[in-house]
Each structure stands twice: as C-alpha cells, then as structure tokens.
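Report on the structure given below.
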Amino acid sequence: MLLLYLTFVMIVIHALGVSLSFSKRTFPKFIGNLIAVYEMIFYFMIIFSTIIYKNKIILVISYIYLIIHLIGGIAYLKGYLSKLYSAERLKYYGFYELIEMLYLISILFEI
C-alpha cells in the first residue's frame with residue numbers, strides 16, 4: 001500500500017514537471033533538491049519491491065531509471081545540470097518526464 005501512495009506522488013511530481021518543462025520553467029531549486037532525493041529513494045524502493053519482479057520489462061526499466069536518477073540526482077544536487085538548461089532543452093526534458101510518467105502509471109497496474 002505504501003508503494004501505491006509513493007508511486008502516486010511520483011506521478012503528480014512528473015505531471016507538474018511535464019507542465020513546467022513545456023512552459024520552459026523548472027521547479028525552484030529547493031523543491032528540486034527534495035524531488036531529486038525523493039526520486040532516488042523511490043527507485044531504490046521499487047527495485048527492492050517484489051511487485052515489479054512479475055514483469056521483466058518493468059524490472060529492466062526500473063533498473064535503468066534507478067541508474068538515471070542516481071547519476072542525475074547527484075548531478076542536480078551538485079548544480080551541474082543547471083549549467084545545461086535552456087528553454088529548448090527543457091522542452092525535450094518535458095518529453096522525457098512524460099515518458100517516465102507513463103512508466104510510473106504502468107507500475108500502478110502492477111501493484
């Protein structure tokens with residue numbers, strides 16, 4: 001049940017992230033830091049959950065997202081990613097966030 005709640009929170013975060021990215025904006029840095037840490041913890045919890053092991057595709061994608069969020073989360077917290085942001089890149093990042101949100105919705109069907 002906890003995983004269901006945590007996944008729903010992730011979907012909301014990504015829906016907001018998609019909306020912000022398509023409007024060429026980002027979360028404020030403090031909120032972004034909290035989200036980065038939350039996402040890293042979330043993907044560790046997903047990997048250690050037995051629920052996703054039923055579906056091998058979801059499992060592989062989960063490991064990929066764990067690696068992305070560990071590397072990306074640390075880079076974000078250290079301020080490296082802010083040097084790469086531009087209005088055009090945020091639009092593309094919005095598509096990435098949208099794909100991740102669809103993956104998160106697919107996890108709800110596994111729970």
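Computed from heavy atoms alone, side chains included, the values below leave out hydrogens, waters and symmetry copies.
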If you look only at distance, which donor and acceptor atoms sit under 3.5 Å apart when one is on a side chain in residues 28-36 and the other is two or more places apart or in another chain?
| unit_1 | atom_1 | unit_2 | atom_2 | d |
| --- | --- | --- | --- | --- |
| K29 | NZ | Y76 | O | 2.7 |

Checklist entry - In a check of side-chain contact (heavy atoms from CB on, under 4.5 Å) between L6 and each of V9, L2, L4, which one passes? => result L2
Side-chain heavy atoms under 4.5 angstrom apart, residues restricted to Ile, Leu, Val, Met, Phe, Trp, Tyr: same cluster for [X] and [Y]?
X	Y	answer
F27	Y80	no
V12	F42	yes
I61	I67	no
M45	V60	yes
M101	I68	yes

Please round to the nearest 0.5 Å and tell me the distance separating atom [atom1] of [X] and atom [atom2] of [Y].
X	Y	atom1	atom2	answer
S19	E97	OG	CD	11.5 Å
L20	L90	CG	CG	9.5 Å
H14	L104	NE2	CG	5.5 Å
S62	I46	OG	CD1	6.0 Å
L59	K54	CG	NZ	13.0 Å
I57	S106	CD1	OG	10.0 Å

Checklist entry - Heavy atoms, side chains only, cut-off 4.5 Å: are M10 and E100 in contact? => result yes
Item to check | T26 vs S21 side-chain heavy atoms within contact, under 4.5 Å | outcome: no
Next on the checklist: Would V37 and L77 count as a side-chain contact (heavy atoms from CB on, under 4.5 Å) here? Give the steps.
Outcome noted: CA-CA 9 Å; V37 171; L77 292 170; 4.1 Å; yes
Next on the checklist: Looking at every non-hydrogen atom in both residues, tell me the closest pair between L81 and G72 and how far apart they are.
Outcome noted: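 Taking every non-hydrogen atom into account, CD1-O, 3.6 Å.
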Item to check | Within the 6.0 Å centroid threshold, strictly below: F95 and F22 | outcome: yes
Item to check | Pair Y5 and F8, ring centroids less than 6.0 Å apart | outcome: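 No, too far apart.
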Checklist entry - After noting the C-alpha distance and the side-chain angles of E88 and Y92, does the key distance pass the side chain to side chain donor-acceptor pair (under 3.5 Å) rule? => result CA-CA 7 Å; E88 186 66 22; Y92 294 119; 3.2 Å; yes
Checklist entry - Parallel, tilted or perpendicular: which fits the ring planes of Y103 and Y65, with parallel below 30° and perpendicular above 60°? => result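 Rings of Y103 and Y65: tilted, 30 to 60°.
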Checklist entry - Can you check side-chain contact (heavy atoms from CB on, under 4.5 Å) on I13 and E39, steps first, answer last? => result CA-CA 10 Å; I13 288 169; E39 288 184 344; 4.1 Å; yes
